[in-house]
Amino acid sequence: MTRKETIVAAILLIAFGTGMHFVHHVPFFNHFLGYIFPVSESVMAHMKMVFYPMLLLSLYLTISRRDIREIGAPVLGGLAVMPLIIIAFFSYWGFVRHELMLLDIAIYIACMIGAIHLAKRWRTSQFVQCHWRLWIVLIICCIVVIGVLSYHAPDWIIFADLR
């Protein structure tokens, strides 16, 4: 990706991910949309807001470059920063015991920029390109797991509505 493409992708993906956060407030929100869009104010919701925009970037790169080997790096970048969301959120939540919207937004933007940066670096990795079949299986597994956890989450704090 060129520098211009990276900047445009970052702006669009951050805007899309942020917009995802508010879909559960619209009147036409239904059970199916909940598999993709956040359904609560939880740490897992923020992880969804990273995974699906990065999946869109994977699909965009794969289709625009007409190369299936492009599918892995963005999703892997998104998955790599998800633990940082958990660490950052609970690092401050342990002190204040409630969420801070501006800090949540800053954490989200930083994680998205990090995911896009990792994706850009890993796109040229021979390992990532050679194992595109594995990344497709990983993507499908992540979609299923994230979807199921949306409505059947264990009683863990990362799935709790922390408003």
Side-chain angles (χ1 to χ4, degrees), residues 1-23 32-39 42-93 102-154 156-159:
M1 288 178 11
T2 65
R3 183 178 182 90
K4 183 179 176 182
E5 282 180 313
T6 304
I7 292 168
V8 169
I11 292 167
L12 291 176
L13 293 176
I14 290 169
F16 176 72
T18 303
M20 286 178 67
H21 193 62
F22 302 102
V23 172
F32 175 75
L33 289 175
Y35 286 108
I36 298 168
F37 296 96
V39 295
S42 68
V43 176
M44 182 62 187
H46 291 90
M47 292 165 62
K48 269 182 160 178
M49 292 165 39
V50 170
F51 177 76
Y52 283 106
M54 295 306 289
L55 177 59
L56 281 179
L57 180 58
S58 286
L59 296 174
Y60 167 76
L61 289 172
T62 301
I63 292 166
S64 68
R65 305 301 197 266
R66 296 181 181 181
D67 187 356
I68 192 69
R69 296 175 301 171
E70 295 282 349
I71 201 153
V75 170
L76 293 173
L79 293 173
V81 301
M82 284 184 185
L84 295 176
I85 294 171
I86 298 168
I87 292 166
F89 181 81
F90 288 111
S91 291
Y92 85 78
W93 195 79
L102 289 177
L103 190 52
D104 283 351
I105 292 168
I107 291 167
Y108 173 72
I109 290 171
C111 286
M112 283 300 294
I113 290 170
I116 292 165
H117 176 71
L118 288 173
K120 185 175 179 177
R121 290 186 58 117
W122 291 344
R123 278 185 63 225
T124 58
S125 164
Q126 201 65 358
F127 177 78
V128 172
Q129 288 185 352
C130 289
H131 292 91
W132 61 269
R133 290 174 186 88
L134 176 62
W135 311 139
I136 291 173
V137 171
L138 179 66
I139 289 168
I140 293 167
C141 290
C142 285
I143 290 170
V144 170
V145 168
I146 290 170
V148 169
L149 290 176
S150 294
Y151 289 111
H152 308 290
W156 300 349
I157 195 155
I158 68 166
F159 299 105

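The first residue of the sequence shown is numbered 1, and numbering continues consecutively from there. Values below: all heavy atoms of this structure, side chains included; hydrogens, waters and symmetry mates excluded.
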Nearest non-hydrogen partners of [X] and [Y], listed with the distance:
X: Pro53; Y: Leu13; result: O-CD2, 3.2 Å
X: Val75; Y: Phe51; result: CG1-CE1, 3.9 Å
X: Met54; Y: Pro74; result: CE-O, 3.3 Å
X: Trp135; Y: Ile71; result: CB-CG2, 4.4 Å
X: Ala9; Y: Leu57; result: CB-CD1, 4.3 Å
X: Tyr52; Y: Tyr35; result: OH-O, 3.6 Å

Value rounded to 0.5 Å, distance of [atom1] in [X] from [atom2] in [Y]:
X: Arg69; Y: Thr124; atom1: CZ; atom2: OG1; answer: 11.5 Å
X: Leu149; Y: Ile158; atom1: CG; atom2: CD1; answer: 8.0 Å
X: Lys48; Y: Ile36; atom1: NZ; atom2: CD1; answer: 8.5 Å
X: Ile11; Y: Ile113; atom1: CD1; atom2: CD1; answer: 9.5 Å
X: Arg65; Y: Tyr60; atom1: CZ; atom2: OH; answer: 5.5 Å
X: Ile63; Y: Ser58; atom1: CD1; atom2: OG; answer: 10.5 Å

Are the side chains of [Y] and [X] in contact, using a 4.5 Å heavy-atom criterion?
X: Ile68; Y: Ile136; value: yes
X: Cys111; Y: His46; value: no
X: Ser42; Y: Ile157; value: no
X: Ile86; Y: Phe90; value: yes

Inset, instruction - Sequence neighbours left out, what passes ring pair (Phe, Tyr, Trp, His ring centres under 6.0 Å) with Trp156? Give chain and number order. - result: Phe159
Inset, instruction - In sequence, state the C-alpha distance, the side-chain angles, and the governing distance for Leu79 and Leu138, and then conclude on side-chain contact (heavy atoms from CB on, under 4.5 Å). - result: CA-CA 10 Å; Leu79 293 173; Leu138 179 66; 3.6 Å; yes
Could you pull out all donor-acceptor pairs under 3.5 Å where a side-chain atom in residues 114-123 meets a protein atom, sequence neighbours excluded?
{"from": "Arg123", "atom 1": "NE", "to": "Glu70", "atom 2": "OE1", "distance (Å)": "2.6"}
{"from": "Arg123", "atom 1": "NH2", "to": "Glu70", "atom 2": "OE1", "distance (Å)": "3.1"}
{"from": "Arg123", "atom 1": "NH2", "to": "Glu70", "atom 2": "OE2", "distance (Å)": "2.9"}

Inset, instruction - Determine the interplanar angle of the Phe89 and Trp93 rings, folded into 0 to 90°, and report it as parallel if under 30°, tilted if 30 to 60°, perpendicular if over 60°. - result: parallel
Legend entry - Side-chain donor/acceptor of His152 to backbone N/O of Val148, under 3.5 Å: no
Legend entry - Tyr151 atom OH, neighbour heavy-atom count above 12 within 6.0 Å: yes
Legend entry - Residues that Arg133 engages under side chain to side chain donor-acceptor pair (under 3.5 Å), provided they are two or more places apart: none
